> 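Please find one structure pasted underneath; my questions will follow.
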2 protein chains.
Amino acid sequence: MPNERPLRADAARNRAKILEAANRQIIAFGPEVPMESIAEDAGVAVGTLYRHFPTKADLVRAIVDSHLEEMAAEAEAAADRIGGGTSAVAEFITFWHMIMESAASNKAVKAAARELGASVDETEHLRRGQVAMERLIEAGKAEGGLRPDLAVEDCFIFFATVPLDEPVAVRERWFTLVIDGFRSGALREA
Amino acid sequence: MPNERPLRADAARNRAKILEAANRQIIAFGPEVPMESIAEDAGVAVGTLYRHFPTKADLVRAIVDSHLEEMAAEAEAAADRIGGGTSAVAEFITFWHMIMESAASNKAVKAAARELGASVDETEHLRRGQVAMERLIEAGKAEGGLRPDLAVEDCFIFFATVPLDEPVAVRERWFTLVIDGFRSGALREA
DNA sequence: CCAGAACATGAACTAAGATTCATAATTAAG
DNA sequence: CTTAATTATGAATCTTAGTTCATGTTCTGG
């Protein structure tokens, strides 16, 4: 029963401004950014933030969730590409590499990545991404490029802990080792 | 020029109490524990903490460093065991597994582990541990059980990001994958 | 045993940041 | 155009935690 009476014009306008500002601020400074900063960026008073979002956590969740959704969409896109020119393993690797780099330059994605590990509230987005990732992984195993026991959770756990504050070179090295771990055994057992 | 005049008896006593309390509190609650809590645990007033440690960071560093030192000592012990009954690779694995579990149950070690990643202040302890780890790794490569390009930094990076807040089962799985990554290629290239 | 140096105490100060709420401004329906 | 309902404002409140310092104690050398 979505009996939400429509927002007043100015309220709708402000809500949009708030979401945009929060997105900008959280991307740049992470969830720890003060509410005052978001309010200022949005050109609105703090009180207004609280009218639209009862608590800071709610606002942050809205933003982080939107990034989670984007990630899920990208995962689905990658899965849909299976059977095209590139191998599933290649798609898998490209996808996760992209997520890693996003998280490194976008504090909102970074926060979203953490949620992967602690899948607190089983968001719809998480589930969507999970399904897509399963498709990718199964295809990768079929190709013989991923270890037979690799699970979606493995990927989530790993990407919740990417060394984001280290220089690129370190991240790349980390990525190589992790991917090798995801592959290893693909040959032995199979 | 260590011209430190000896501490007065009561001061020395308090310093010890403070270090013990800080250790307890940081092990249990991590570096974020309030100075007040440490003071209370030590049976001393906050002002006294500040007489002995100019800033909270100094106190925390002292504690974390002591755990870093223990870790280095354990690494050396493991390296010294090379040539004994077990293989170097086994020692390597046992050592890191132990570090992981320590970090999971001891917030001070957890903090110390983070320092491994961001080797900010090149502590003497870090260097000692690094040397020992190099011995272990080289021996492991010689045995053919570790990938030829494995470096100490790899281990540091990884263990700075162990998924400590996840259940044991998850940590174990993570450990398996990482170790497999550390091995993989040992066969291919060699 | 005493003086003066060292040390300890803990209330007060400071800084941040989340959240509230009385007051003022806007909007939309009639 | 009015008015009641909805929103917005932002100064004030509350917490939390680090740090300081005037005042009171405790040591230690002589």
Side-chain angles (χ1 to χ4, degrees), chain A residues 2-65 107-108 110-111 114 120, chain B residues 2-65 107-108 110-111 114 120:
Chain A
N3 62 357
E4 316 280 330
R5 96 185 63 188
L7 283 177
R8 226 173 64 176
D10 56 344
R13 211 178 313 130
N14 278 338
R15 183 170 234 280
K17 287 199 292 180
I18 289 170
L19 283 170
E20 284 164 28
N23 195 43
R24 264 192 303 276
Q25 294 290 316
I26 294 177
I27 283 177
F29 304 108
E32 320 75 25
V33 70
M35 289 295 259
E36 297 277 8
S37 302
I38 297 176
E40 186 180 21
D41 184 324
V44 136
V46 260
T48 305
L49 299 199
Y50 285 93
R51 165 166 283 274
H52 290 277
F53 300 91
T55 153
K56 180 182 180 180
D58 292 316
L59 176 52
V60 169
R61 188 171 322 120
I63 299 301
V64 171
D65 260 35
K107 299 264 179 73
K110 178 176 176 173
R114 291 211 195 302
V120 197
Chain B
N3 61 356
E4 316 279 331
R5 94 187 63 187
L7 282 178
R8 227 172 65 177
D10 56 344
R13 209 177 315 129
N14 279 338
R15 182 170 237 277
K17 287 198 292 180
I18 289 170
L19 283 170
E20 284 164 28
N23 196 43
R24 263 192 303 277
Q25 293 290 318
I26 294 177
I27 282 177
F29 305 107
E32 321 74 25
V33 71
M35 289 294 260
E36 297 277 9
S37 302
I38 297 176
E40 186 180 19
D41 183 324
V44 137
V46 261
T48 306
L49 299 199
Y50 285 92
R51 164 166 285 275
H52 291 276
F53 301 89
T55 151
K56 180 182 181 180
D58 291 315
L59 176 52
V60 170
R61 189 171 320 121
I63 299 302
V64 171
D65 260 35
K107 300 264 179 76
K110 178 176 177 172
R114 291 210 196 304
V120 198

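These figures come from a predicted structure and were not determined experimentally. Throughout, protein chains are lettered first and strands after them, A, B, ... in sequence-line order, and every chain is numbered starting at 1.
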> What's the verdict on side-chain contact (heavy atoms from CB on, under 4.5 Å) for A:Arg61 and A:Phe53, showing C-alpha distance, side-chain angles and the deciding distance?
CA-CA 10 Å; A:Arg61 188 171 322 120; A:Phe53 300 91; over 6 Å; no

> Is B:Asn14 close enough to C:dC7 that one of its side-chain N or O atoms is under 4.0 Å from OP1 or OP2 there?
no

> Only counting residues at least two apart or in another chain, list the ones meeting side-chain hydrogen bond (donor to acceptor under 3.5 Å, both in side chains) with A:Arg13.
none

> Please collect all salt bridge (charged side-chain N to carboxylate O under 4.0 Å, His left out) contacts where either partner lies in residues 14-28 of chain B, sequence neighbours excluded, each pair once.
B:Arg24-B:Asp41

> Atom NZ of A:Lys56 and atom P of D:dT15: how far apart are they, to the nearest Å?
19 Å

> First locate atom CD1 of B:Ile18, then atom CD1 of B:Ile63, and finally report the distance between them rounded to the nearest 0.5 Å.
10.5 Å

> State whether the side chain of A:Asn14 and the backbone N or O of A:Ala11 hold a donor-acceptor pair below 3.5 Å, judged by distance alone.
no

> Assign a letter to each nucleotide of nucleotides 24-30 of chain D from its 5' end: B, base within under 4.0 Å of a protein heavy atom; S, sugar-phosphate only; -, no contact.
--BSS--

> Among residues 29-54 of chain B, which residues get a heavy atom nearer than 4.0 Å to DNA chain C?
B:Val44, B:Ala45, B:Val46, B:Gly47, B:Thr48, B:Arg51, B:His52

> Among all residues two or more places apart in sequence or in another chain, which pass the side-chain hydrogen bond (donor to acceptor under 3.5 Å, both in side chains) test with A:Lys107?
none

> Quick one: list whatever passes salt bridge (charged side-chain N to carboxylate O under 4.0 Å, His left out) with A:Lys56, sequence neighbours left out.
none

> So, taking the atom named CG in B:Leu59 and the one named NE2 in B:His52, what distance separates them when rounded to the nearest 0.5 Å?
11.0 Å

> Would you say D:dG18 has OP1 or OP2 under 4.0 Å from some side-chain N or O of B:Thr55?
no

> Starting from P on C:dA18, measure out to CG on A:Leu59 and report it in whole angstrom.
11 Å

